[in-house]
Amino acid sequence: DMGYNMAVIGATGVVGRTMLTVLAERKVEIDHLFLVASDKSEGQILEFAGENHTVITVDEAMGKPIDIALFSAGKELSKEHARSFADKGAIVIDNSSAWRMDPAIKLIVPEINGDSLTLEDKIIANPNCSTIQLVMALAPLHKVNPIKRLVISTYQSVSGTGKKAVQQLEAETKGAEAEKVYPHPIFMNVLPHCDAFSADDYTLEELKLVNETRKIIGDETIAITATAVRVPVVGGHSESVNVEFTQPFDIGELKEILVSTDGVIVLDEPADDQYPMPIDAEGKDDVFVGRIRKDLSHPNAVNLWIVSDNLRKGAATNAVQIAEHVIDHVL
C-alpha cells in the first residue's frame with residue numbers, strides 16, 4: 001500500500017503542531033510530508049516521526065505534488081489558496097471557518113457524516129471545535145428522538161484563540177506584562193466574548209454553534225441559542241447543554257446510546273465526584289459527557305455537560321480522521 005504526499009499548512013501554529021502529533025500517533029501512511037507556514041517561519045526546522053523537516057512557504061508548496069493538504073492557517077489564507085491546491089489535484093481539509101457554511105462544501109465529523117464524502121469533494125470543511133464535541137454527543141441521540149431545541153453555554157479554553165492567548169494567560173498568572181489578545185485580563189476572570197461580535201449582538205462563535213450544528217446533523221429545523229464564554233483554562237472546552245427532544249425519553253436509554261457511541265465516553269458518577277473536566281480531557285481524542293439529568297422544568301428535556309480537548313478532536317484529530325476516511329474510502 002503506497003503512502004500519500006501530505007502538506008500541513010499552518011504547521012507552526014498550535015493546531016498545526018497538534019496535527020503533526022496526531023499524524024505520527026495514528027501512523028497515517030505518508031510518503032512525503034511538506035510543512036508549510038507563513039514567510040516569517042520559512043526555514044524553521046520541525047520534527048516529525050523522528051525526522052527533521054524544513055518549513056516552506058505556500059508559494060513553494062504550490063509546486064509540490066500534494067495528495068492531501070491539511071489547512072490550519074486561518075480563514076484568509078484558506079480563502080486565498082485552498083482552491084488553487086484543489087485545482088492542482090490535492091484534497092483540501094480546511095480547519096478555518098472559510099468554507100464551512102458554503103452550500104457546495106461538506107462539513108464533516110467522520111463518525112457522523114463521513115460516508116457522504118466522494119471524489120468530487122476537493123475541499124472538505126472541518127467544523128469549529130465547540131461544534132464538533134457538541135454534535136458527537138447529540139447526533140446519536142437526535143437519530144433516536146429528534147432534537148427540537150438546544151440552549152448552549154460554553155466554557156472555552158484560551159488555546160482555542162491560539163498561542164498568544166496562552167501566553168497572555170501565563171503572563172497574567174505570574175503578574176507579568178503580556179501582549180493582550182483579549183480586550184480584558186483573562187486570569188481570574190471570565191469573558192462572555194469568543195470571536196468577534198456580529199449582528200444581533202451574538203458573537204461569531206455563537207453563530208457557528210447554531211449554523212454548523214444544523215448543517216452536520218442535517219436538520220435546519222432545530223432551534224438553537226448559544227452563549228460562548230472564554231475561561232482561564234489552557235486546554236479543553238466545556239459546554240452546558242439543555243436538549244429538548246420531540247418526544248419524552250428514558251434517561252437510562254439516553255445514557256445507553258451515549259455509552260455505545262464511538263468516540264464518546266460517559267463519565268457520570270456524581271456520588272463519587274465523577275464528571276468530565278478539561279484537566280482530564282487534555283491530550284485525549286474522546287468527547288466526555290456527564291451531569292446527565294432530566295430537566296425538571298420540561299418533560300422532554302435533559303441537561304448534559306460535554307468536555308473535549310479543543311485542539312485534538314475539536315481540530316487536529318478530526319481533520320486527520322477526515323484524511324484517514326478519504327484514504328480508506330474515497331481515494
Side-chain angles (χ1 to χ4, degrees), residues 2-20 22-23 26 28-39 41 46 48 53 55-110 112-129 131-132 208 211-212 215-216 311-331:
M2 59 160 282
Y4 291 87
N5 291 349
M6 267 202 193
V8 174
I9 293 145
T12 54
V14 239
V15 175
R17 287 174 188 269
T18 310
M19 280 175 174
L20 295 178
V22 174
L23 283 167
R26 296 174 77 95
V28 177
E29 294 178 43
I30 300 173
D31 230 4
H32 291 288
L33 179 67
F34 301 104
L35 301 188
V36 187
S38 64
D39 296 354
S41 301
L46 291 182
F48 175 76
H53 292 259
V55 173
I56 61 174
T57 63
V58 176
D59 290 342
E60 200 179 328
M62 287 290 264
K64 306 286 186 194
I66 292 165
D67 299 309
I68 297 175
L70 300 173
F71 269 71
S72 193
K75 183 165 60 176
E76 296 318 314
L77 190 124
S78 292
K79 278 186 174 154
E80 198 183 331
H81 296 291
R83 278 264 181 254
S84 331
F85 276 84
D87 291 343
K88 292 190 100 118
I91 289 174
V92 172
I93 299 166
D94 184 52
N95 189 51
S96 79
S97 61
W99 305 96
R100 290 180 191 149
M101 295 318 297
D102 184 320
I105 304 264
K106 288 171 188 164
L107 185 61
I108 299 291
V109 176
I112 299 170
N113 58 355
D115 293 344
S116 68
L117 290 173
T118 70
L119 268 176
E120 306 297 289
D121 298 304
K122 297 302 179 206
I123 298 177
I124 302 164
N126 199 37
N128 186 37
C129 45
T131 308
I132 292 176
K208 287 172 196 174
N211 299 324
E212 294 180 23
K215 182 168 174 177
I216 297 162
L311 295 179
R312 287 190 65 110
K313 184 57 181 171
T317 304
N318 199 70
V320 171
Q321 285 175 312
I322 294 172
E324 289 174 328
H325 187 94
V326 166
I327 289 167
D328 293 341
H329 302 288
V330 180
L331 288 176

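It should be emphasised that the depicted structure is a prediction, and the values quoted were computed from it without experimental measurement.
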Next on the checklist: Main chain of A315, side chain of N126: is a donor-acceptor contact present, judged purely on distance under 3.5 Å?
Outcome noted: yes
Checklist entry - Can you tell me if E212 uses its side chain to pair, donor with acceptor, with the backbone of N128 under 3.5 Å? => result yes
Checklist entry - Passes side chain to side chain contact (heavy atoms under 4.5 Å, CB included), V58 versus F85? Steps please. => result CA-CA 10 Å; V58 176; F85 276 84; 3.9 Å; yes
Item to check | Over all atoms of both residues, closest heavy-atom pair of N95 and R100 | outcome: O-NH2, 3.0 Å
Checklist entry - Which is it for D121 and T118 under the side chain to side chain contact (heavy atoms under 4.5 Å, CB included) test, yes or no, and what are the steps along the way? => result CA-CA 6 Å; D121 298 304; T118 70; 3.5 Å; yes
Next on the checklist: Would the distance check show the side chain of D67 and the main-chain N or O of N5 forming a donor-acceptor pair, the cut-off being under 3.5 Å?
Outcome noted: yes
Checklist entry - Rounded to the nearest 0.5 Å, how far does CG of L33 lie from CZ of F48? => result 5.5 Å
Checklist entry - So, the side chain of K88 versus the backbone of I66: is there a donor-acceptor pair under 3.5 Å, distance only? => result no
Next on the checklist: If you define the side chain from C-beta out and look only at heavy atoms, does anything of T131 sit under 4.5 Å from L107?
Outcome noted: no
Checklist outcome for this item: Interatomic distance, CD1@I124 vs CG@L117, rounded to 0.5 Å, equals 4.5 Å
Checklist entry - Near K122 NZ, under 6.0 Å, is it more than 12 heavy atoms from other residues, nucleotides or ligands? => result yes
Checklist entry - Please walk me through it: do V92 and I9 pass side chain to side chain contact (heavy atoms under 4.5 Å, CB included)? => result CA-CA 10 Å; V92 172; I9 293 145; over 6 Å; no
Next on the checklist: To the closest 0.5 Å, what do you measure between CG (N211) and CD1 (I216)?
Outcome noted: 11.0 Å
Checklist entry - Does the side chain of F71 come within less than 4.5 Å of S96's, by heavy atoms? => result no
Checklist entry - Should the ring pair H325 and H329 be called parallel, tilted or perpendicular, given that the plane angle runs from 0 to 90° and is split at 30 and 60? => result tilted
Next on the checklist: I'd like to know if the side chain of R83 reaches the main chain of K79, judged simply by a donor and an acceptor atom lying under 3.5 Å from each other, with no hydrogens or angles considered.
Outcome noted: no
Checklist outcome for this item: Nearest heavy-atom contact between A11 and A37 is N-CB, 4.5 Å
Checklist entry - What's the spacing between K208 NZ and K215 NZ if we round to 0.5 Å? => result 14.0 Å
Item to check | Contact summary for V55 and V36, nearest pair of heavy atoms | outcome: CG1-C, 4.2 Å
Checklist entry - Hey, are the side chains of R17 and L311 touching, using non-hydrogen atoms and a 4.5 Å cut-off? => result no
Checklist entry - Looking at CG of D94 and NE2 of H81, how far apart are the two atoms once the value is rounded to the nearest 0.5 Å? => result 12.0 Å
Item to check | side chain to side chain contact (heavy atoms under 4.5 Å, CB included) evaluation trace for I123 with D102 | outcome: CA-CA 11 Å; I123 298 177; D102 184 320; over 6 Å; no
Checklist entry - Is there a donor-acceptor pair closer than 3.5 Å between any side-chain N or O of K106 and the backbone N or O of P103? => result no
Item to check | D59 side chain to T57 side chain, donor-acceptor N/O pair below 3.5 angstrom | outcome: no
Next on the checklist: Is there a side-chain contact between L119 and L331 in this structure, where contact means two heavy atoms from C-beta onward sitting under 4.5 Å apart?
Outcome noted: yes
Next on the checklist: Just verifying a value: how many Å separate S72 OG and L77 CG, rounded to the nearest 0.5 Å?
Outcome noted: 10.0 Å
Checklist entry - Considering all heavy atoms of both residues, which atom of I108 and which atom of S116 are nearest to each other, and what is their separation? => result CD1-OG, 3.6 Å
Item to check | For the student: nearest non-hydrogen atoms of P65 and F34, plus distance | outcome: O-CE1, 4.0 Å
Checklist outcome for this item: Smallest heavy-atom separation, K313 atom then N318 atom, equals NZ-OD1, 2.8 Å
